[in-house]
**Q** 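Encoded as structure tokens, here's the structure I'll be asking about.
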Number of protein chains: 2
Amino acid sequence: MDERKQRVLQAVVQDYIESAEPVGSRTIARRHDLGVSPATIRNEMADLEMLGYLEHIHTSSGRIPSSKGYRFYVDGLMQPMRLTDEEKAQIDLWYRARVKRIEEVFQETARLISHVTKNVALVLAPQMKKSAFRCLQFLPLDDRRSVAVLMTDAGFIENRIVAMPSGASFEDFQRMARVVNDCLTGCTLDAIPKAAYRKIRSEISDEDLYEAALDVINRALDDTDGRERLYLGGTREMLSQPEFRDVERVKEILLMLEEEQLLKEILSAHLGDGLRVTIGQENDYKGIQDCSIVTATYHLDGELLGTIAVLGPTRMEYGKAMSLLGYMNEHLSDVVRRLGWQG
Amino acid sequence: MDERKQRVLQAVVQDYIESAEPVGSRTIARRHDLGVSPATIRNEMADLEMLGYLEHIHTSSGRIPSSKGYRFYVDGLMQPMRLTDEEKAQIDLWYRARVKRIEEVFQETARLISHVTKNVALVLAPQMKKSAFRCLQFLPLDDRRSVAVLMTDAGFIENRIVAMPSGASFEDFQRMARVVNDCLTGCTLDAIPKAAYRKIRSEISDEDLYEAALDVINRALDDTDGRERLYLGGTREMLSQPEFRDVERVKEILLMLEEEQLLKEILSAHLGDGLRVTIGQENDYKGIQDCSIVTATYHLDGELLGTIAVLGPTRMEYGKAMSLLGYMNEHLSDVVRRLGWQG
DNA sequence: GTTAGCACTCAGGGGCGTCGAGTGCTAACC
DNA sequence: GGTTAGCACTCGACGCCCCTGAGTGCTAAC
């Protein structure tokens, strides 16, 4: 693929991303200074199509990029689009604001991403089980139940209603909490050493109480439990994309966006190092093979914490999405660090 | 308005609700046994239009009900549609399931309502400030901040990150929590007696600590704070309504549904006794004058707790929405009672 | 008061010609 | 041999027309 072909491909992709219309040879000749006539560009485009980088709806409609075409563009031709100062300012402003609850950080991150990219944003918060236990307390609910409040180092707080074994009093629960606090402080939740369990076991003589303690810990770990972990933003912004002009398509994608489990799987599949782009048919899941996903993972001290992503039509401003995710990434890692995530 | 007119009006409304197409005299003659010819029905329809119950897009299109027509229908003609046993079973099943967190109850209620009615469901949870204080605890976050966990009698739990005044230790905070717990137990949060404040004041000697205590209480009361209180469901179901065939309309309504404050105001305006229907132009807010809202409030011992609502096109199955809300209402009141709301 | 009959209206759909954007091919050009 | 101009061809979009079907309103007859 010689340089001129690359320039033509670049021109086609850029114009198509901008206009959402198939682009023709004359348009390119007019808008990009390639120094050749439309006829030559036509020839190049025919070649590019033969090579699989462009597609043709019908004879006489302009070309649109194929997944392969986008891939080549993203990997080599694209120039990363810098965020404007205004956009940066807007983001910085928000992150400097006082955070009231940790969930807000993720929700707002999703909102900001979708706002800037006009696409759906997905934010997968750090998994609770990856974080370090900080403390457990119980609040009394009624005579049979109490509420367990579990906090981890990242400032995550989980509530669970737990039934108290008959015969156990609230004081027993508080005693149990003290034991658990003593034994688990500093443990990462998905890797509680056996020794810790043994210690809890030995300090809690009552069998039922021990079971209750395990129950609390296990249910706190059960991430599929609540709907907390995945934050979505921009289902409305999405509608401004011409790809979603017809309601059927919108329904389809909204349906998919409700399948939280599926989304998590998709994000997990993309879990890679840093920025990653998956384009159209590269997606395993059939329903989004006309969409692309840009994902970024945020880390702390080498430990994977979570993922943020932009999901949109293949005709997406990859450069912008990538810069933005990179930028948000830093902020998120920073926030999580400030909140005292265990490094 | 004689009986035959009423029967014609009823027929028009029912058919229109079912088909979403303007209905003509012949259709009615065919599908409802009124014992008269289409011509007569035409005459009646002309009268009904004159009286303001029906509308006409143009000559030669069938009639559609006006807001006034729907109103008459809802107030007098409609037969309340019973829920099917299957629907009831589905609902009962869910409510019998083990509730993990109180928020789930409201979220799932919204989901169920939207699923059955194919419209948007709104659930306004009991206001925290109306509930009785149960207990306050602190969890340590870092050396400058801690997390306040406040629980009320309904099982609501609120977390807030609070800054600790310099000089105060976490132990001070725990001491403060004990004082607050002693003084406020049983108080309704929006009506904390002055005496309670005085008592707290006298028991907490440290000025900064007292301020911090007030801060926690006040911020917990601040309902606009989190996004917890209003639960939405069914933005996807909504799309199956033919009224939302064009994306512009969808965008409009989605935009509105994001304005949580606005929705709360609308719901509050509809706050009435039991079931209430607001139809089309009866709505104050311009953006939903082609929509109707059915609201129901749930109480306990005469005290208003919250509101559940169905929002959809004026062409809505009022009977079904009303029965459903009534049914969900009982369940909700029941759940809240079980969770020990202070009567 | 009810109904049949008739003229009229309007939206929707199919057929048709036009226009414009675009391609592919060929022959000429440098 | 690569580049370009020219030309025939294709196809979607648009506007137009006409037809059809559903529906009304009016009038006259029952």
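Note that these values count all heavy atoms, side chains included, but never hydrogens, waters or copies made by symmetry. A note on names: the letters A, B, ... follow the listed sequences, proteins ahead of strands, and every chain is numbered from 1.
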**Q** Atom CD in A/Glu49, atom NE2 in A/His56: separation rounded to 0.5 Å?
**A** 5.0 Å
**Q** Given the structure, check if the side chain of A/Arg42 and the base of C/dG24 hold any donor-acceptor pair shorter than 3.5 Å.
**A** yes
**Q** Quick one: is D/dG23 close enough that its OP1 or OP2 comes under 4.0 Å of any side-chain N or O from B/Thr27?
**A** yes
**Q** Return the nearest nucleotide to the side chain of B/Glu49; candidates are D/dG25, C/dG24, D/dG23.
**A** D/dG25
**Q** Check each residue of residues 50-68 of chain A for a non-hydrogen atom within less than 4.0 Å of any atom in DNA chain C, then write out the ones that pass by number, or none.
**A** A/His56, A/Ser60, A/Ser61, A/Gly62, A/Arg63
**Q** Nearest whole angstrom, please: distance from the P of C/dT23 to the CD of A/Glu21.
**A** 14 Å
**Q** Does this structure show an ion pair linking B/Glu243 with B/Arg315, if we count only N-O contacts that are shorter than 4.0 Å?
**A** yes
**Q** State which of D/dG25, C/dT3, D/dT24 makes the closest approach to the side chain of B/Ala46.
**A** D/dG25
**Q** Quick check for you: among C/dT3, D/dG25, D/dT3, whose closest atom lies nearest to any side-chain atom of B/Ser37?
**A** C/dT3
**Q** If we ignore angles and hydrogens, is there a donor and acceptor under 3.5 Å between the side chains of B/Tyr318 and B/Ser292?
**A** yes
**Q** Could you tell me if the side chain of B/Leu230 sits less than 4.5 Å from the side chain of B/Leu267, heavy atoms only?
**A** yes
**Q** Between C/dT3, D/dA5, D/dT24, spot the one nearest the side chain of A/Ala39, thanks.
**A** D/dA5
**Q** Relative to each other, are the rings of A/Tyr53 and A/Phe72 parallel, tilted or perpendicular (30° and 60° limits)?
**A** perpendicular
**Q** Between B/Glu282 and B/Arg71, does a salt bridge (charged side-chain N to carboxylate O under 4.0 Å, His left out) hold up when you go through it step by step?
**A** CA-CA 10 Å; B/Glu282 296 171 6; B/Arg71 168 56 60 199; 2.7 Å; yes
**Q** If you take all heavy atoms of A/Gly24 and A/Met45, which pair is closest and at what distance?
**A** C-CE, 4.2 Å
**Q** State the dot-bracket string of DNA chain D. Criteria: Watson-Crick or G-U wobble, both atom distances under 3.5 angstrom; notation: ( ) intrastrand, [ ] crossing earlier pairs, | interstrand, . unpaired.
**A** ||||||||||||||||||||||||||||||
**Q** Return the value, rounded to whole Å, for the distance between atom CD1 of A/Ile41 and atom P of D/dA5.
**A** 12 Å
**Q** Does A/Arg245 come within less than 4.0 Å of B/Asp246, counting only side-chain N to carboxylate O?
**A** no
